[in-house]
Amino acid sequence: LTAINSISNNIVRELSANGIKSRQMLNDEILSFFYKKLNPGLPLDFKTRPGETLRSQLCLSAAENNFYYATLGDKYYKAVNLYSRPESISFFNVVQFLSQLDVDFTANFTLLVNPSEDLHKVLKSASTLDKQTNFLTPSVRYKAIAIDNLLEDIECNHQRLFGFTLSVIIADSKMDFLSKKTNNAVSAFRTLGGAEGIIENMNHIYLLLSSLPGHSFFNNRLHPFTQDAIANLLPIHRSWQGSETPKMVFLTGASEMIGIDLFSKELPAKHGLIIASSGGGKSFLTNYLLTNFLTETMNNQVVIIDIGGSY
């Protein structure tokens, strides 16, 4: 629970930095969210009743999964899923994508943080299998080439792999309007860097369930995305928590204290740049950092190239 709260607070902070107001939902609000999702059309007067299971209190509307649509309560639902990955992506594409969708929809972005090695094995196995079929069809040939290009990019640029899903659930009380909205959603997927969406016939009810918190496993169209692609698609990141064994303490832009060891082995690089106006304390800070480093152990050494005579 502590880890979940920490992640939630970081997401709220980063969304705020991007101009998006948000806050962590309270327990009653979470239950009301489930109730509203599972019971469209029913009065929003949900209150928990002691002695009864939450399932019996939340699942009051009958659901049906047909080939071309799903029904829940008094509404029809259709789902459009990400079928082929975009060639390039940016957060602007995401905003453009969402702006083209009709009202009454739910967009689900899911990021699966699996060990990169596992995804590597899956991709290599898929590429090998496609090649063993001797490229029977153009689509298989294209898929194998795309996988090889992705693996090459990962190895050359030291990228980490993530699993990613994207689906859109459209709802309407009339089937004609629902079909029109669904076709518009398929077209909107192309604004995501040339991605392709597919209407998930037979699976509408499962993708509807995947839109509920904790149920993303119902969407089995998992796409491998590199960390650069994820950063462009969803520019939300966790603030650095500082060095494991700090040598000095600084104040962050959010007025929080953070411990730092500039020479820690856990840092991927030791490059640094200190910028400030004249008299801003550049030399003072550099002396402070180097003094801490030198006094830590007799084995530490410093080489200074000083053309201004500050040291």
[X], [Y]: one ILVMFWY side-chain cluster at the under-4.5 Å cut-off?
X    : Y    : value
I304 : I274 : yes
V302 : M298 : no
L166 : Y83  : no
L212 : F217 : yes
L192 : L101 : yes

Side-chain donor or acceptor of [X] paired with backbone N/O of [Y] under 3.5 Å:
X    : Y    : value
E29  : L26  : yes
N66  : Y68  : no
N93  : S90  : yes
S243 : D261 : yes
K78  : T182 : no
N300 : E296 : no
S56  : E52  : no
S32  : D28  : yes
H223 : G163 : no
Q57  : R49  : yes

Mind telling me whether F284 and Y288 have parallel, tilted or perpendicular rings, with 30° and 60° as the class edges?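 The rings of Y288 and F284 lie parallel, inter-plane angle below 30°.
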Would you please classify the geometry between the Y76 ring and the Y69 ring as parallel, tilted or perpendicular, with 30° and 60° separating the classes? perpendicular
Pair [X]-[Y], side-chain donor/acceptor within less than 3.5 Å:
X    : Y    : value
N219 : N108 : no
T106 : K37  : yes
T110 : S216 : no

Could you check I170, I198, I169, N183 and say which one makes a side-chain contact (heavy atoms from CB on, under 4.5 Å) with V80?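 Among the candidates, only I170 passes.
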Please check if the distance between the ring centroids of F189 and F97 is under 6.0 Å. yes
State, to 0.1 Å, how close L72 and S61 come at their nearest heavy-atom pair, and which atoms those are.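 The pair with the smallest heavy-atom distance is CD1-O, 4.0 Å.
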S277 to K282 - nearest heavy-atom pair and separation: O-NZ, 3.3 Å
Taking the side chain as C-beta and beyond, is there a heavy-atom pair between I199 and H204 under 4.5 Å? yes
Does the pair D172/K75 count as a salt bridge with the N-to-O cut at 4.0 Å?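 Answer for the salt bridge query: no.
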Go through the steps to decide whether L207 and F218 satisfy the test side-chain contact (heavy atoms from CB on, under 4.5 Å), and finish with yes or no. CA-CA 6 Å; L207 286 179; F218 278 115; 5.9 Å; no
Go through the steps for I258 and V249 under the test side-chain contact (heavy atoms from CB on, under 4.5 Å), then give the verdict. CA-CA 6 Å; I258 186 170; V249 178; over 6 Å; no
Under the criterion salt bridge (Lys or Arg N to Asp or Glu O under 4.0 Å), I'd like the reasoning laid out for R221 against E200: C-alpha separation, chi angles, the key distance, then a yes or no. CA-CA 10 Å; R221 288 194 187 274; E200 284 283 14; 2.3 Å; yes
